[in-house]
Each structure stands twice: as C-alpha cells, then as structure tokens.
Novice: 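My structure is below; once you've seen it, I'll send some questions.
Just so you know, these numbers use all the heavy atoms, side chains as well, and skip hydrogens, waters and symmetry mates. In listed order, ligands and their atoms are each counted from 1.
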Amino acid sequence: MTSLNDATVLVTGANGGLGTAFVEAVLARGARRVYAAARNPKEWSDERAVPLRLDITDPDAIARIAEQAGDTTILVNNAAIYPKGDLLTAPIEDVTAVIDTNLLGPIRLTRALAPALRSARGALVNIGSVLSWFAVGQAHSVSKAGLWMATNALRLELVPDGVQVLGVYAGPTDTPMQAGNDPAGMNKPADVAAAICDALEAGEHEVLVDELTRKVHSALSAPVTALYPALTPQ
Ligand SMILES: NC(=O)c1ccc[n+]([C@@H]2O[C@H](COP(=O)([O-])OP(=O)(O)OC[C@H]3O[C@@H](n4cnc5c(N)ncnc54)[C@H](OP(=O)(O)O)[C@@H]3O)[C@@H](O)[C@H]2O)c1
C-alpha cells in the first residue's frame, strides 16, 4: 500500500491528458510535491507542482534526474507516443521512436530513480494499455506489450525492497492521444487517474481500468482467433 498523502511524485508527460489529470489527483490526495515532468514544462497554479524539463528519450537528461528529483517516492511512467502506420510500411524511424519513448524511456528512468524508490519504500507506476494485449496499435502495441513485461520484471526486482509496482491498463481515454476519434464511450482522464490512485493506496500490482480492457485480458488465455476473428477462414 502506498499513501499519496505526503508523497513526492514524479509524473512524465505531465502536460498531456492523463498526466494533467494525475497531477491534479495526487495533489488532491495530499501529495507533498509533484514533479510535473514534460518536454516543455509549464507553470502550475498549485505551488506543490514543480515543473521539470524532461525528454525521456534523452539519456543525459535522465542522468541528471537523480540530482533534480532524488526525493521522489512515486515514479509514474506516463509519457508515450502513438504514431500511426503499419509495422511493415511505416518509416522505421517511427517504429524505433515509439519503442524508445514508450519502453526504453521508462526503463531508463526507473533505473535512474530506483535507489530513491527503494530508500523511500515507495512505488513505481507504469502506464500500459489495453494495447499491451491487443495488436491493433501496431508499433504502439509492441511497445506497450514490452512495457507490460518490463513492469512484471521490475516488480520482481523491486518488491523485495518494499517498492510497490503498479501496472495500469486502460482502453480508449479522452485525451489528445485520441484526437479526431469520437470521445463517446471513452474513459474520462480524471476517472483513470482516480482508479490509479485507488490501486496505489490499496497496494495492487495491476489495475485494469475498464470492461474492454478486462475482456481483452481474459481473451489472452483463449486461442489467438478469439482476439483476432479475421484469422478464422470464412
Ligand atoms: N488516451 C488513450 O486512449 C490511452 C489509453 C490507454 C493508455 N494510454 C496511455 O496513457 C498515457 C498518457 O497518454 P495520454 O492519453 O494522456 O496522451 P497525451 O495527452 O498525448 O499525453 C502524452 C504525453 O507524453 C508526452 N511525451 C511524448 N513523448 C515524450 C518524450 N520523449 N519525453 C517526455 N514526454 C513525452 C507528451 O508530451 P508533449 O506534450 O511534449 O507532446 C504528452 O504530454 C500514455 O502512456 C498512453 O499510452 C492512453
């Protein structure tokens, strides 16, 4: 169980849809400080929110993070990109960028802040997706599947030192990442942020935020055609 009251939380991609909702949620639950990390940091109205410049694909910036935010007790790997395009035809630079941002960035940042998390007996939160288990997101799905397993592996490494590792899996959520798609039926970012906070405080290992995500997850134990009917010959 990880209390948010008095916690020092670092959130990557803090200016995005879920990032902003999460910063607001943890402040409302009594966080002492929130490092609102972003490529282009902005001012926040609450003085407990500390803007921090951080591109998670920049190893030099990550090397400086332990000095800038070494009192972090909860790290939230939230930043991600979702370039469109098939694995076979998209520019290969798009494929490598999404793996670098969505998978290697969180691993690098977790390595940099692991000593802080261990000494605080704090928490790591990795924002996965229903697309961790469903291939329609192409390279994004590949990166989120990797993050799912990285989260599981990091849990095995960190739990013995009292660090809670929470994997978050959600379906479509009404944020700029979904620009151009109909928001009807999508999760609200504030609801996802509340579900994450509740799961942290309850000491969970994973939170599957919505029905779609739970359905896709449960289909993983069925033959692959259950998730991909197009594979069944007509
Ligand atoms: N929206 C959904 O339907 C949905 C569903 C399931 C899971 N998720 C996950 O939820 C998380 C938050 O996404 P969101 O929906 O809130 O999307 P979003 O509004 O697009 O936010 C993503 C944030 O990541 C930041 N970012 C991208 N590359 C970065 C980098 N190299 N370094 C630092 N920050 C970087 C972006 O920063 P800039 O502002 O600088 O571009 C942006 O603020 C992601 O992990 C996403 O995969 C989203």
Novice: Using heavy atoms and a threshold below 4.0 Å, how should the contact between Met177 and ligand 1 be classified: side chain, backbone, both, or neither?
Specialist: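 For Met177, the contact with ligand 1 is made by both the backbone and the side chain.
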Novice: Return the residue, atom name and 0.1 Å-rounded distance of the protein heavy atom closest to atom 12 (C) of ligand 1.
Specialist: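 Answer, as residue, atom name and distance: Asn78 OD1, 3.0 Å.
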Novice: Checking contacts here: is it the side chain or the backbone of Lys144 that comes within 4.0 Å of ligand 1, counting heavy atoms only? Could be both or neither.
Specialist: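 Under 4.0 Å from ligand 1, Lys144 contributes side-chain atoms alone.
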Novice: With distance as the sole test, does Asn78 use its side chain to make a donor-acceptor pair with the main-chain N or O of Gly13 at under 3.5 Å?
Specialist: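 Indeed, once roles are kept as given, a pair shorter than 3.5 Å links the two residues.
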Novice: What protein heavy atom lies closest to atom 6 (C) of ligand 1? Include the residue and the distance to one decimal.
Specialist: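 It is Ala170 O, 3.2 Å.
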Novice: Transitively linked via ILVMFWY side-chain contacts under 4.5 Å: Val98 with Ile107?
Specialist: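 In one cluster: yes.
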Novice: Any idea which heavy atoms bring Leu166 and Val207 closest together, and the distance?
Specialist: CD1-N, 4.0 Å
Novice: Can you confirm whether something in the protein, heavy atoms only, sits under 4.0 Å from atom 28 (N) of ligand 1?
Specialist: yes
Novice: Are the charged groups of Glu67 and Arg64 less than 4.0 angstrom apart, N to O?
Specialist: no
Novice: Just need the protein heavy atom nearest to atom 43 (O) of ligand 1, so name the residue and atom and give the distance.
Specialist: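 The closest heavy atom on the protein side is Gly16 N, 3.2 Å.
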Novice: What do you reckon, does Ile81 put a non-hydrogen atom under 4.0 Å from ligand 1?
Specialist: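 It does; at least one heavy atom falls under 4.0 Å.
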Novice: side-chain hydrogen bond (donor to acceptor under 3.5 Å, both in side chains), that's the test. Do Thr20 and Asn15 meet it? Break it down for me.
Specialist: CA-CA 5 Å; Thr20 298; Asn15 294 353; 5.5 Å; no
Novice: Around Arg118, counting heavy atoms of other residues, nucleotides and ligands shown, do more than 12 lie under 6.0 Å from its CZ?
Specialist: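 Above 12, so yes.
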Novice: Any idea which atoms of ligand 1 are less than 4.0 Å away from a heavy-atom of Pro176?
Specialist: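 Close to Pro176: 19 (O).
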Novice: Would you mind reporting whether Leu147 and Pro106 have side-chain heavy atoms less than 4.5 Å apart?
Specialist: yes
Novice: Side chains of Tyr35 and Asp71: is there a donor and an acceptor less than 3.5 Å apart?
Specialist: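 Yes.
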Novice: Do Tyr169 and Glu206 come close enough that some side-chain heavy atom pair is under 4.5 Å?
Specialist: yes
Novice: Identify which of Gly128, Ala14, Ala79, Gly13 has a heavy atom lying nearest to atom 8 (N) of ligand 1.
Specialist: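 Among Gly128, Ala14, Ala79, Gly13, the closest heavy atom to atom 8 (N) of ligand 1 belongs to Gly128.
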Novice: Considering Ala21, Gly171, Pro172, Ala80, which one's heavy-atom position lies nearest to atom 5 (C) of ligand 1?
Specialist: Gly171
Novice: Does Asn40 reach ligand 1 with a nitrogen or oxygen that is under 3.5 Å from one of the ligand's nitrogen or oxygen atoms?
Specialist: no
Novice: Have Asn5 and Ser3 got a donor and an acceptor in their side chains that come within less than 3.5 Å?
Specialist: no
Novice: Starting from atom 19 (O) of ligand 1, what is the nearest protein heavy atom, named by residue and atom, and what distance separates them?
Specialist: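 I find the closest protein heavy atom is Gly17 N, 2.8 Å.
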Novice: Hey, is ligand 1 close enough to Asp55 that some N/O pair sits below 3.5 Å?
Specialist: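 Such a contact does occur with ligand 1.
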Novice: Looking at Asp100, Asp55, Asp60, which one forms a salt bridge (charged side-chain N to carboxylate O under 4.0 Å, His left out) with Arg108?
Specialist: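 Testing each of Asp100, Asp55, Asp60 against Arg108, the sole residue satisfying salt bridge (charged side-chain N to carboxylate O under 4.0 Å, His left out) is Asp100.
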Novice: Considering non-hydrogen atoms only, spot the tightest contact between Pro189 and Gly17 and give its length.
Specialist: CB-O, 3.8 Å
Novice: Report, in ascending order of atom number, the atoms of ligand 1 lying under 4.0 Å from any heavy atom of Thr57.
Specialist: 31 (N)
Novice: Can you tell me which portion of Thr101 lies within the under-4.0 Å heavy-atom range of ligand 1? Options are side chain, backbone, both, or neither.
Specialist: side chain
Novice: Counting only heavy atoms closer than 4.0 Å, does ligand 1 sit against the backbone of Thr175, its side chain, both, or neither?
Specialist: side chain
Novice: Enumerate the atoms of ligand 1 whose separation from the nearest heavy atom of Gln178 is less than 4.0 angstrom.
Specialist: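 That gives atoms 1 (N), 2 (C), 3 (O) of ligand 1.
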Novice: Quick check with a 6.0 Å cut-off and a 45 degree axis cone: is Lys42 positioned over the face of Trp44's six-membered ring?
Specialist: yes
Novice: Ligand 1 versus Leu18, non-hydrogen atoms closer than 4.0 Å: side chain, backbone, both, neither?
Specialist: both
Novice: Is the shortest N/O to N/O distance between Arg39 and ligand 1 below 3.5 Å?
Specialist: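 There is such a contact, yes.
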Novice: Does an N or O from Ile56, backbone or side chain, lie closer than 3.5 Å to an N or O of ligand 1?
Specialist: yes
Novice: Could you check atom 9 (C) of ligand 1 against the protein and tell me its nearest heavy-atom contact, residue, atom and distance included?
Specialist: Ile127 CG2, 3.7 Å
Novice: How close do Thr173 and Gln178 get, heavy atom to heavy atom, and via which atoms?
Specialist: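 Between these two residues, the closest heavy atoms are O-CG, 3.1 Å.
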Novice: Return the closest protein heavy atom for atom 39 (O) of ligand 1 as residue, atom name and distance.
Specialist: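 Answer, as residue, atom name and distance: Asn15 CB, 4.6 Å.
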Novice: Do Arg29 and Asp6 meet the salt-bridge criterion of a basic N to acidic O distance under 4.0 Å?
Specialist: no
Novice: As an exercise, identify every atom of ligand 1 less than 4.0 angstrom from a heavy atom of His140.
Specialist: 47 (O)
Novice: In terms of residue, atom name and distance, what is the protein heavy atom nearest to atom 33 (C) of ligand 1?
Specialist: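 Residue, atom and distance for the closest contact: Leu54 O, 3.3 Å.
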Novice: Relative to ligand 1, is Leu131 under 4.0 angstrom through side chain, backbone, both or neither, heavy atoms considered?
Specialist: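 For Leu131, no heavy atom sits under 4.0 Å from ligand 1.
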